[in-house]
K.L.:
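This is the structure, below, for whatever I ask next.
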Amino acid sequence: VRPQQFEDWTWWWTTDDPPAVAGESRVGRLSVHDPRIPELLHHSPSVYLRPGDGRDVAWYGVEGDDARLLACLTVEEHRPGVPHLASVVVAPDVRGGGLGTALCAAVVRERRSAGLGAATLGMMTTHDVGRALYSGLGFRAGHRFHSGWLPESRPSQESHEGVVGE
């Protein structure tokens, strides 16, 4: 089954620690109940995990001096012990400042220091900024796939049921 509208994605992976990145010390864990997360997630069309979906293992973020959430991501595990970074979002007004890089580097480093051997993520293939960010952190492109919504199963903003992929 192929949806009428779909996106091309690339699956990325790494088994290496990322290089040290400025700003990693600003990264902290967030509560799944943090009301700032859903507000920030609205700035990305590729978000598919939301707090409390049941697949999110942990949320991380970077706060500004005014306690505004500037960047966040979640970790899920498609396979036990293999963290998968998802729903990586940086607020539009601070993009290009290295927050996404610091966030991803800190989370991969934390998870790898816990003895986990690999980390993965999925990225829309056309996302040039993401490609540069992830390859700079030591991720390698694995395989490409397509995903999209079947016309009769398009979910609400709060749900991701009905997704199909190949």
Side-chain angles (χ1 to χ4, degrees), residues 3 5-12 18 21 23-80 82-111 114 116 119-134 137 139 145-165:
Q5 294 180 329
F6 61 90
E7 298 288 341
D8 288 323
W9 292 78
T10 302
W11 180 82
W12 294 72
V21 174
E24 285 186 65
S25 63
R26 296 179 63 191
V27 176
R29 276 213 157 161
L30 301 172
S31 165
V32 69
H33 304 292
D34 190 322
R36 301 172 301 170
I37 297 172
E39 294 171 13
L40 185 58
L41 295 180
H42 285 287
H43 294 289
S44 174
S46 63
V47 164
Y48 69 94
L49 280 181
R50 298 187 181 282
D53 276 356
R55 294 177 19 204
D56 49 341
V57 173
W59 284 88
Y60 295 84
V62 177
E63 292 183 341
D65 293 335
D66 59 356
R68 180 171 71 113
L69 187 60
L70 303 175
C72 72
L73 67 75
T74 190
V75 172
E76 66 175 324
E77 292 184 355
H78 294 285
R79 296 185 61 139
V82 180
H84 182 82
L85 280 58
S87 298
V88 180
V89 180
V90 177
D93 61 317
V94 294
R95 288 180 182 159
L99 294 180
T101 304
L103 180 61
C104 292
V107 172
V108 169
R109 188 176 322 287
E110 176 189 298
R111 298 307 220 163
L116 303 177
T120 65
L121 61 90
M123 181 197 78
M124 289 172 52
T125 301
T126 58
H127 189 5
D128 295 333
V129 173
R131 185 179 307 106
L133 185 158
Y134 302 129
L137 291 175
F139 281 86
F145 59 96
H146 309 290
S147 70
W149 303 106
L150 296 174
E152 63 277 359
S153 65
R154 180 99 183 147
S156 68
Q157 283 280 1
E158 285 71 41
S159 171
H160 62 349
E161 296 175 18
V163 71
V164 297

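Fair warning: this is a prediction, and the values are worked out from it, not measured in the lab.
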K.L.:
Taking Glu39 for its side chain and Arg36 for its backbone only, find out whether a donor-acceptor pair lies under 3.5 Å.
P.N.:
no

K.L.:
Do Cys72 and Leu41 pass the side chain to side chain contact (heavy atoms under 4.5 Å, CB included) test, and can you show the C-alpha distance, the side-chain angles, and the key distance before you say yes or no?
P.N.:
CA-CA 8 Å; Cys72 72; Leu41 295 180; 3.8 Å; yes

K.L.:
Do any N or O atoms from the side chain of Arg26 and from the backbone of Glu63 form a donor-acceptor pair under 3.5 angstrom?
P.N.:
yes

K.L.:
Is the shortest heavy-atom distance from the side chain of Pro51 to the side chain of Asp34 under 4.5 Å?
P.N.:
no

K.L.:
Taking C-beta and beyond as the side chain, do Val89 and Ile37 meet within less than 4.5 Å on heavy atoms?
P.N.:
no

K.L.:
Could you grab the distance from atom OH of Tyr134 to atom CE of Met123, nearest 0.5 Å is fine?
P.N.:
7.5 Å

K.L.:
Quick one, Asp56 and Glu76 - any side-chain contact, counting heavy atoms below 4.5 Å?
P.N.:
no

K.L.:
Measure the acute angle between the ring planes of His84 and Tyr48, then classify it against the limits of 30° and 60° as parallel, tilted or perpendicular.
P.N.:
tilted

K.L.:
Flag the pair Glu24 and Arg109 as a salt bridge only when some basic side-chain nitrogen lies within less than 4.0 angstrom of an acidic carboxylate oxygen.
P.N.:
yes

K.L.:
Distance from Leu133 atom CG to His127 atom NE2, nearest 0.5 Å?
P.N.:
8.0 Å

K.L.:
Does Asp93 pair with Arg68 as a salt bridge, N-O distance under 4.0 Å?
P.N.:
yes

K.L.:
Which heavy atom of Gly52 sits nearest a heavy atom of Val32, and at what distance?
P.N.:
N-CG2, 3.3 Å

K.L.:
Counting distance only, does the side-chain N/O of Arg111 pair as donor-acceptor with the main-chain N or O of Leu116 below 3.5 Å?
P.N.:
no

K.L.:
Check step by step if salt bridge (charged side-chain N to carboxylate O under 4.0 Å, His left out) holds for Arg55 and Asp53.
P.N.:
CA-CA 6 Å; Arg55 294 177 19 204; Asp53 276 356; over 6 Å; no

K.L.:
Just so I know, are the side chains of Val88 and Leu121 near enough to count as touching, which here means a heavy-atom distance under 4.5 Å?
P.N.:
no

K.L.:
Does some side-chain heavy atom of Thr120 sit less than 4.5 Å from a side-chain heavy atom of Val82?
P.N.:
yes

K.L.:
How close do Leu99 and Ala71 get, counting heavy atoms only, and between which atoms?
P.N.:
CB-CB, 4.3 Å

K.L.:
Please step through side chain to side chain contact (heavy atoms under 4.5 Å, CB included) for the pair Val62 and Val94, ending with a clear verdict.
P.N.:
CA-CA 11 Å; Val62 177; Val94 294; over 6 Å; no

K.L.:
Do side-chain atoms of Ser87 reach the backbone of Leu49 as a donor and acceptor pair under 3.5 angstrom?
P.N.:
yes

K.L.:
Go through it in stages, so that I can follow the logic: the residues are Leu40 and Leu70, the test is side chain to side chain contact (heavy atoms under 4.5 Å, CB included), and I'd like the CA-CA distance, side-chain angles, deciding distance and then a yes or no.
P.N.:
CA-CA 8 Å; Leu40 185 58; Leu70 303 175; over 6 Å; no

K.L.:
Identify the two heavy atoms, one from Arg29 and one from Ala58, that lie closest to each other, and give their separation to 0.1 Å.
P.N.:
NH2-CB, 3.5 Å

K.L.:
Sort out for me which residue in Thr74, Val75, Leu85 forms a side-chain contact (heavy atoms from CB on, under 4.5 Å) with Tyr60.
P.N.:
Val75

K.L.:
Would you check, one step at a time, whether the test side chain to side chain contact (heavy atoms under 4.5 Å, CB included) holds for Thr126 with Asp8?
P.N.:
CA-CA 8 Å; Thr126 58; Asp8 288 323; over 6 Å; no

